[in-house]
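Worksheet for the structure shown next.
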Amino acid sequence: MEMEWLPNGGVKTILGPRSLTRVFEERKGRRMWFNTVVGMYGKELSSAMMADGTEIPEHVVKRCGEIIEEESIQFKWEKGDVLFFDNLALLHGRRPSLPPRKVLVATCK
């Protein structure tokens, strides 16, 4: 990772280039999506670029978003529901919800 101190006292970090997928040996060598290209595309601080620094074509990012939607599942939360998931084994996100919403998070190894 590279770090650059900015005149305003902030810091800019550069991590990469990183591949869009990653092989997880501890997951039987499965290749998994491991990038924020869809969520960050078009934003000022985007990770959506090719290894040579050029932007990933919009149609590619759009198709990635379509695949994510095609593979997504949704379920209705019921009072008392608890969800455990392996953060490295699946892509997760959030959909709009109605208040009150209470999220408790714990991480473990």
Side-chain angles (χ1 to χ4, degrees):
M1 176 170 44
E2 295 177 37
M3 291 178 46
E4 176 186 337
W5 288 100
L6 304 175
N8 67 0
V11 66
K12 175 181 177 182
T13 58
I14 300 171
L15 178 64
R18 295 186 333 189
S19 151
L20 292 178
T21 61
R22 182 171 156 192
V23 174
F24 289 86
E25 297 305 330
E26 62 276 10
R27 301 292 185 273
K28 300 179 183 175
R30 290 177 53 204
R31 180 172 294 280
M32 297 181 209
W33 180 264
F34 203 75
N35 195 279
T36 58
V37 65
V38 174
M40 293 299 293
Y41 185 78
K43 298 195 169 124
E44 183 179 345
L45 301 173
S46 176
S47 64
M49 63 179 60
M50 303 295 277
D52 65 1
T54 59
E55 195 167 332
I56 295 173
E58 185 176 0
H59 74 278
V60 172
V61 176
K62 182 179 177 193
R63 181 62 187 132
C64 290
E66 291 169 355
I67 292 168
I68 288 170
E69 286 301 316
E70 290 166 9
E71 296 296 322
S72 292
I73 60 168
Q74 295 185 58
F75 52 91
K76 182 175 172 39
W77 287 89
E78 301 289 339
K79 186 174 182 172
D81 282 351
V82 176
L83 173 67
F84 292 92
F85 65 88
D86 183 337
N87 199 36
L88 295 179
L90 57 98
L91 181 65
H92 58 89
R94 292 150 193 86
R95 300 281 190 216
S97 62
L98 299 173
R101 180 172 183 251
K102 185 176 184 180
V103 178
L104 304 173
V105 176
T107 59
C108 59
K109 210 171 191 182

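The first residue in the sequence is number 1, and the count goes up from there.
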**Prompt:** Do you know which two heavy atoms are closest between Trp77 and Leu83, and how far apart they sit?
**Reply:** CH2-CB, 3.5 Å
**Request:** Could you work out the complete set of other residues in the hydrophobic cluster of Met3, with links drawn between I, L, V, M, F, W and Y side chains under 4.5 Å apart?
**Result:** Trp5, Val11
**Prompt:** How is the hydrophobic cluster of Leu6 composed, in terms of its other members, when Ile, Leu, Val, Met, Phe, Trp and Tyr link through side-chain heavy atoms under 4.5 Å apart, directly or indirectly?
**Reply:** none
**CD (Glu71) with more than 12 external heavy atoms under 6.0 Å** = no
**Request:** Return the set of residues passing side-chain hydrogen bond (donor to acceptor under 3.5 Å, both in side chains) with Glu66 (not counting sequence neighbours), or none when no residue passes.
**Result:** Arg63
**Fill in**
With sequence neighbours left out, the residues meeting side-chain hydrogen bond (donor to acceptor under 3.5 Å, both in side chains) with Asp52 are Thr54
**Message:** Once salt bridge (Lys or Arg N to Asp or Glu O under 4.0 Å) is applied, do any residues pair with Glu25, and if so which ones, sequence neighbours excluded?
**Reply:** none
**Asked** With Pro57, which residues qualify under side chain to side chain contact (heavy atoms under 4.5 Å, CB included), at least two apart?
**Response** His59, Val60
